[in-house]
Amino acid sequence: MRKKIAAGNWKMNTTVEEGLKLASEVIHMAQDELITDVSVIMAVPFTHLVAVKKLIGSSSNVLLAAQNCHQAASGAFTGEISAEMLKAIGVNCVILGHSERREYYKESFTLLEEKLQAVLQNEMTPIFCCGEKLDVRQSNGQFDLVKEQLAASLFSLSPEDFSKLIIAYEPVWAIGTGVNASDDQAQEMHHFIRKVISQKYGSGIANEVSVLYGGSVKASNAKDLFSCADVDGGLIGGASLDSRGFVDIAKSF
Ligand code: PGA
């Protein structure tokens, strides 16, 4: 059975004090209100990780994620954070390949491949993002591009490692715009992603990998998106900064 996941990507938002308030509300609501087979993930800023980990404690349906990491194990990389450092404080997942990092920090397919290896070697779960910009969709190039993003960064992984991933399809034109992909657009791409994975790794693995949709998910559209056959949940930006709205999204399965 594929995991149902609501992952909040806080991006560069909240001070530690604000973040702890938000995280604590989410944790309590998740404990009280969520059915057991839904996992909530909070991808918080680096400065918050240790404190949020303490808050999560032994809560079984809430996981902690970082939003990035460096590919090297250690060394002279001023300002960077390694996967080993994240592992050591109990981080469970790391977002990689978010479109903002591809765009603003020029993260390449090869760099992401190296970061994936670092995260997997440290026994954390990569949340690998893919998705096209508006001009690519307008010229109907989204399928070729997403296939290339998957193949170039992920297909050197062994089947065993590949099966540990979470994938997030995030059309760039839907991120932070308030315009989400339609249910049909999301389902069509998620089905395609599963087909591409199946061609490389077989249908067993393709059917087990959780594929999340991201891009303007909110409580009002989550139910329809999550009811698509190949959509296993969401990667939620703006709407994850409101505890009530975020947990309502997590209750939309
Ligand atoms: P959004 O962001 O929900 O604010 O559109 C999604 C994301 O960037 O992961």
Side-chain angles (χ1 to χ4, degrees), residues 2-68 86 89-96 98-101 124-125 127 129 166 168-170 174-181 183 186 210-228 231-253:
R2 298 203 289 267
K3 288 192 202 84
K4 296 176 185 141
I5 297 166
N9 175 11
W10 293 11
K11 309 191 182 184
M12 196 173 74
N13 290 298
T14 72
T15 62
V16 172
E17 193 183 340
E18 291 161 349
L20 284 177
K21 181 172 177 291
L22 172 58
S24 131
E25 289 167 2
V26 168
I27 293 162
H28 286 112
M29 289 183 202
Q31 272 163 353
D32 294 346
E33 302 175 26
L34 280 186
I35 51 169
T36 47
D37 66 342
V38 176
S39 297
V40 167
I41 300 176
M42 289 187 289
V44 307
F46 285 130
T47 44
H48 303 26
L49 287 167
V50 171
V52 174
K53 182 70 193 177
K54 258 199 207 124
L55 275 186
I56 292 174
S58 56
S59 171
S60 60
N61 57 357
V62 181
L63 297 171
L64 181 63
Q67 300 172 15
N68 179 36
L86 298 175
I89 55 168
V91 169
N92 309 103
C93 312
V94 182
I95 296 178
L96 292 175
H98 191 281
S99 63
E100 286 148 20
R101 295 215 56 93
M124 295 178 290
T125 303
I127 302 173
C129 306
I166 295 170
Y169 168 59
E170 299 205 303
I175 296 177
T177 59
V179 182
N180 58 289
D183 307 337
S210 292
V211 185
L212 313 182
Y213 166 78
S216 298
V217 176
K218 34 193 180 291
S220 57
N221 59 20
K223 245 192 183 65
D224 288 339
L225 285 162
F226 295 178
S227 64
C228 298
V231 176
D232 304 309
L235 180 56
I236 299 115
S240 70
L241 296 171
D242 171 65
S243 54
R244 181 69 270 164
F246 180 55
V247 175
D248 282 347
I249 292 171
K251 288 165 75 179
S252 300
F253 290 95

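Sequence positions, counted from 1, serve as the residue numbers for this chain. What's counted below: heavy atoms across the whole structure, side chains too, no hydrogens, waters or symmetry copies.
Glu33 places no side-chain N or O within donor-acceptor distance of the main-chain N or O of Ala30, the cut-off being under 3.5 Å. Between the side chain of Gln67 and the backbone N or O of Ala43 there is at least one donor-acceptor pair closer than 3.5 Å. For the pair Asp32 (side chain) and Met29 (backbone), a donor-acceptor distance under 3.5 Å is absent. Under the 3.5 Å distance criterion, the side-chain polar atoms of Asp232 are left unmatched by any main-chain donor or acceptor of Lys3.
Here Glu25 pairs with Lys21 in a salt bridge; the nearest charged N to carboxylate O distance falls below 4.0 Å. Using a 4.0 Å cut-off between a side-chain N of Lys or Arg and a carboxylate O of Asp or Glu, Lys4 and Asp37 qualify as a salt bridge.
Looking only at side-chain heavy atoms (C-beta outward), Ile175 and Ser99 come within less than 4.5 Å of each other. Using a 4.5 Å cut-off on side-chain heavy atoms (C-beta onward), Val217 and Leu225 make contact. In this structure the side chain of Ile27 reaches within 4.5 angstrom of the side chain of Met42, judged on heavy atoms. Two residues are said to be in side-chain contact when any heavy atoms from C-beta on lie closer than 4.5 Å; Phe246 and Val26 meet this criterion. The shortest distance between side-chain heavy atoms of Val231 and Leu212 does not fall below 4.5 Å. Side-chain contact between Ser210 and Ile5 is present, with at least one heavy-atom pair separated by less than 4.5 Å. You'll find the side chain of Pro45 stays beyond 4.5 Å of the side chain of Met12, heavy atoms only.
To the nearest 0.5 Å, the span separating CG on Asn61 from CD on Gln31 amounts to 7.0 Å. The distance from the CG atom of Leu241 to the OG1 atom of Thr14 is 7.0 Å, given to the nearest 0.5 Å. Atom-to-atom distance recorded for Glu17:CD and Leu22:CG is 13.0 Å, nearest 0.5 angstrom. To the nearest 0.5 Å, atom OG of residue Ser227 and atom CG of residue Asp183 are 6.5 Å apart. Between Ile166 atom CD1 and Leu96 atom CG the span is 11.5 Å, to the nearest 0.5 Å. Considering CZ of Arg101 and CG of Asn68, their distance stands at 3.5 Å, rounded to 0.5 Å.
Of all heavy-atom pairs between Ile249 and Ala219, the closest is CG1-N, 3.5 Å. Ala250 and Val38 make their closest contact through O-CG1, 3.7 Å (heavy atoms, listed as atom of the first residue, atom of the second, distance). For the residue pair Tyr213 and Ala181, the shortest heavy atom distance occurs at OH-N, 2.8 Å. The heavy-atom pair separating Gly176 from Ser216 by the smallest distance is N-OG, 4.0 Å. Minimum heavy-atom separation, Gly8 to Ser240: CA-CB, 3.5 Å.
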- Query: Stepwise, does the side chain to side chain contact (heavy atoms under 4.5 Å, CB included) test hold for Cys129 with Leu235?
  - Reply: CA-CA 9 Å; Cys129 306; Leu235 180 56; 3.8 Å; yes
- Take Leu34 and Lys251 through the side chain to side chain contact (heavy atoms under 4.5 Å, CB included) test and state the conclusion after the steps. CA-CA 6 Å; Leu34 280 186; Lys251 288 165 75 179; 3.5 Å; yes
- Going through the distances and angles, do Ile127 and Ile41 end up as a side chain to side chain contact (heavy atoms under 4.5 Å, CB included)? CA-CA 10 Å; Ile127 302 173; Ile41 300 176; 4.2 Å; yes
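Using a 3.5 Å distance cut-off with no hydrogens or angles, the side chains of Glu170 and His98 do pair a donor with an acceptor.
Aromatic ring pairs are classed by plane angle as parallel below 30°, tilted from 30° to 60° and perpendicular above 60°; the pair Trp10 and His48 is perpendicular.
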Using distance only, find each side-chain donor-acceptor pair of residues 49-60 under 3.5 Å and give its atom names and separation, not counting sequence neighbours.
unit_1, atom_1, unit_2, atom_2, d
Lys53, NZ, Gly90, O, 2.8

